[in-house]
Amino acid sequence: MVADLTPLEEAVQAAEQAVVVAEHNRTNATRQLVVASDELRSATTVLTIAQASLIQEQARSAYTVEEEAAKRAKAELSMANKAYMAAVSAVDRAQAIHVRMANDLTRADTRCRRAKSRLSAAQKQVAEADAVRSALAGVAGGETPRTAPADNVAAAIRGFAQSHQPSRAATTSNPPELPFGPPRDLPGHDLKPDPLSARTPAEFVGLMKRYRIWAGEPSFRELVKRSRKAFGASTLCKALKSDQLPPEKLVRAFIWACSGSENDLQEWATTWRLLRMRHHPSPRQRRWLRS
């Protein structure tokens, strides 16, 4: 019976040894699992850091792209502003040239009408002189009254004399157009200041001073008298010493007092309006220029 238990004990011992080995293996496996878990956590941390860096780099790149796009947009806006201002200047210059050409055409038409009127008057005077000469020649030659009666001679002389005298109505109701006007410049020496050449209010005021000199440089009191007291001497003196644009009413009265014609008044008024609009833009234009 004892002999039969010995193999059993050996089997138990073998089983116990197997259990010890299994526990040892289990302990090693647990340790390996802990190490693997630590490595997994480390790898996860590294991956998280790498992802965060990648996200930051992508955000930085996107910000750089947007910043470059914003710079390009600002540059394009600046170029558009410059192009707009250049277009406005071109339009102003074109308008000034158009006004100047229209004024030149008006002056040419006026000169043409005056020349035609003078030619018609001269032709009429020549015809009347020929009639008087023929009548006098007929009387001197002893022609019969049927061809040159004395009444016809007297009527021809009376008509010729009346044509060389101003009519009473014209002298009483229509005074000279410019009684204190300056004489014209010699051909090729047009010294009258051109207001349409002014680009700033200061240049406009400078041209007003030159226009007064061109008109004979009348005194301020004389200009006040000619304008029928449309402005005061002190007001005019202050306006001509300033760099600001004077009131349009004062400019018109000043040009009229300096013997300015209708064309002169139109040119100065047009220039005043151009400068006023150019240096005082509308609220919409101000918002556009500030943006």
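Being a predicted model, the structure only gives us computed values, none of them experimental.
Residue Lys238 holds its NZ atom at 15.5 Å from CZ of Phe231, rounded to the nearest 0.5 Å. Within the model, atoms CE of Met79 and CG of Leu77 stand 11.0 Å from one another, a figure rounded to the nearest 0.5 Å. Remark: Leu33 CG to Asn28 CG distance equals 12.5 Å, nearest 0.5 Å. For the atom pair OG (Ser227) and CH2 (Trp256), the distance works out to 7.5 Å, reported to the nearest 0.5 Å. Arg278 contributes atom CZ, which lies 9.5 Å from atom OG1 of Thr271 (distance to the nearest 0.5 angstrom). Note that CZ of Phe254 and CG of Leu265 are 11.5 Å apart. Values are rounded to the nearest 0.5 Å.
Under a 3.5 Å cut-off, the side chain of Lys209 and the backbone N or O of Leu240 do form a donor-acceptor pair. No donor-acceptor pair closer than 3.5 Å links the side chain of Ser78 to the backbone N or O of Lys74. Listed for the Thr44 side chain is a donor-acceptor partner under 3.5 Å among the backbone atoms of Leu40. A donor-acceptor pair under 3.5 Å links the side-chain atoms of Ser53 to the main chain of Ile49, judged by distance alone. Between the side chain of Asp264 and the main chain of Ser261, a donor-acceptor pair closer than 3.5 Å is present. With hydrogens and angles ignored, the 3.5 Å screen pairs a side-chain donor or acceptor of Arg199 with a backbone N or O of Leu196.
Under the 4.5 Å side-chain contact rule for hydrophobic residues, Leu207 and Leu191 share a cluster. Under the 4.5 Å side-chain heavy-atom criterion for ILVMFWY residues, no single connected hydrophobic cluster contains both Val205 and Leu223.
For residues 242-251, every residue pair satisfying the side chain to side chain donor-acceptor pair (under 3.5 Å) rule, not counting sequence neighbours, is listed here: Glu248-Arg252.
When all heavy atoms of Lys192 and Trp214 are compared, the pair lying nearest together is CE-CH2, 3.4 Å. Nearest heavy-atom pair, Pro246 versus Trp272, reported as atom, atom and distance to 0.1 Å: O-NE1, 2.7 Å. Summarising the geometry of Glu203 relative to Ser197, their closest heavy-atom pair is OE1-O, 3.9 Å, with the distance given to 0.1 Å.
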Open item on the list: Does Phe220 form a side-chain contact (heavy atoms from CB on, under 4.5 Å) with Lys225? I'd like the steps, not just the answer.
Closed with: CA-CA 9 Å; Phe220 288 166; Lys225 180 180 178 181; over 6 Å; no
- side-chain contact (heavy atoms from CB on, under 4.5 Å) assessment of Glu57 paired with Ser61: CA-CA 6 Å; Glu57 186 66 25; Ser61 300; 4.1 Å; yes
Problem - Candidate pair Ser120 and Lys124, rule side-chain contact (heavy atoms from CB on, under 4.5 Å), full reasoning - result: CA-CA 6 Å; Ser120 178; Lys124 184 177 180 181; 5.6 Å; no
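None of Gln17, Glu23, Glu16 except one satisfies the side-chain contact (heavy atoms from CB on, under 4.5 Å) rule with Val19; the exception is Glu23.
Aromatic ring centres of Tyr211 and Trp268 lie closer together than 6.0 Å.
Put simply, the side chain of Thr235 reaches to within 4.5 Å of the side chain of Leu250, judged on heavy atoms.
Using a cutoff of 4.0 Å between basic side-chain nitrogens and carboxylate oxygens, Arg226 and Glu222 are scored as salt-bridged.
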